[in-house]
Amino acid sequence: MINGKTVVYGIIGNPVAHSFSPAMHNAAMRELGINCVYVPFCPPPEKLGEAVAGIRALGIAGVNVTVPYKEAVIPHLDELTGEAKLYGAVNTIINRRGVLTGHNTDGPGLIKALREDYQFDPGKGPAVIFGAGGAARAIAVALARSGCPELAVVNRRFEKALKLAEMVAAATGTQARAFHWDAGDRQLEEFTRRSALLVNCTPVGMAGGAVEEFPLPGDLPGKGQLAYDTVYNPPRTPFMVRGARNGAVVANGLSMLLYQGVLALEEWTGLAAPVEVMRRELYKQTGISE
Ligand code: NAP
């Protein structure tokens, strides 16, 4: 029950009405029996600074940050964690006595999803990342820092792939190569065949979105590989369908969404998050059967 002592958390985005985070976090807070509430905030871009100042002024204990503010929010914060600095993006703000720290749980969320839900160790072998935007950046750094021995970044705009590969190599020492989104590239095919993990970090295959073909021969992703799609709507994406047809283990991005929330909640409260309660709520919200 909300009363005079209720602690407020939330999410900032625009739009934000579609977000599953309020339902997921409120279910977790109820389960933990803590006097907290998690609400959506949708400031217009020109009021983002005021919105962040409001977190301080009102003593809001923590917020998640989603599209399109993950980078724009940075100048308004007091400090960044190592993760947020490396990713150049913030998905979680922690308010400790008025000091706002920008953190990022997207990359670590994916790693936790791979380990917990798919028993996949990032050190198992090379990984191929499709896309070079915000999600790709977080995932590339997180994989490299979790023992992935070699990475390939594949993008339509080659310069962005190159920039990301160079950043990952410089920041982590992991070998990283850039490839153009080109189905005829033999070196990309060779790299992909010896990879353990393929991750789609583009909106390709998203409901109502782009339908481009992946720059891969028809038998990839294949047997012995994990094909992880950060997209989760539809729950069985075209990337997953082609992987499953070839005998790959396939996954959609709901587990990444779940674990980024788990890590944010644990960071805010210092309590172990009720993962299965959060997962159940997420599935309920998305209408996906487990
Ligand atoms: P972003 O920063 O806008 O980057 C989009 C990336 O996709 C860019 O590399 C872009 O290539 C590429 N791309 C876009 N349309 C394409 C097309 N038709 N063909 C090939 N490449 C295309 O976006 P983001 O924040 O990284 O998000 C990317 C995806 O990750 C989203 O679809 C979202 O669903 C997913 N995501 C999931 C989670 C989760 O928790 N599961 C979290 C974050 C994001 P160019 O550079 O060439 O334009």
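Position 1 is the first residue of the sequence; numbering continues from there. Indexing begins at 1, ligand by ligand and atom by atom, following the structure's order.
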Fill in: Ring center gap for Trp181 and Phe214 short of 6.0 angstrom
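Yes; Phe214 has its ring centre under 6.0 Å from that of Trp181.
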Practice prompt. Before accepting this row, confirm whether a basic side-chain N of the pair Arg193/Glu190 lies closer than 4.0 Å to the acidic partner's carboxylate O.
Written response: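 Salt bridge absent between Arg193 and Glu190.
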Discussion item. Using every non-hydrogen atom in the two residues, find where Pro126 and Pro149 come nearest and quote the distance to one decimal.
Written reply: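 Closest approach of Pro126 to Pro149: N-CG, 3.9 Å.
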Worksheet item: Which atom names give the shortest non-hydrogen contact between Thr66 and Val16, and what distance separates them?
Response: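 Scanning both residues, the minimum pair turns out to be CG2-CG2, 4.5 Å.
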Item to complete: Mark yes when over 12 heavy atoms from residues, nucleotides or ligands other than Gln175 sit less than 6.0 Å from its CD; otherwise mark no.
Response: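 12 or below, so no.
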Discussion item. Heavy-atom contacts with ligand 1 below 4.0 Å: which residues, ordered by chain and residue number?
Written reply: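 Ligand 1 pocket, heavy atoms under 4.0 Å: Gly131, Ala132, Gly133, Gly134, Ala135, Asn155, Arg156, Arg157, Lys160, Trp181, Cys201, Thr202, Pro203, Val204, Met206, Ala210, Glu212, Thr230, Val231, Tyr232, Gly253, Met256, Leu257.
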Discussion item. Once side chain to side chain donor-acceptor pair (under 3.5 Å) is applied, what residue pairs with a partner in residues 95-104 remain, sequence neighbours excluded?
Written reply: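 Qualifying pairs, neighbours excluded: Glu79-Thr101, Thr81-His103.
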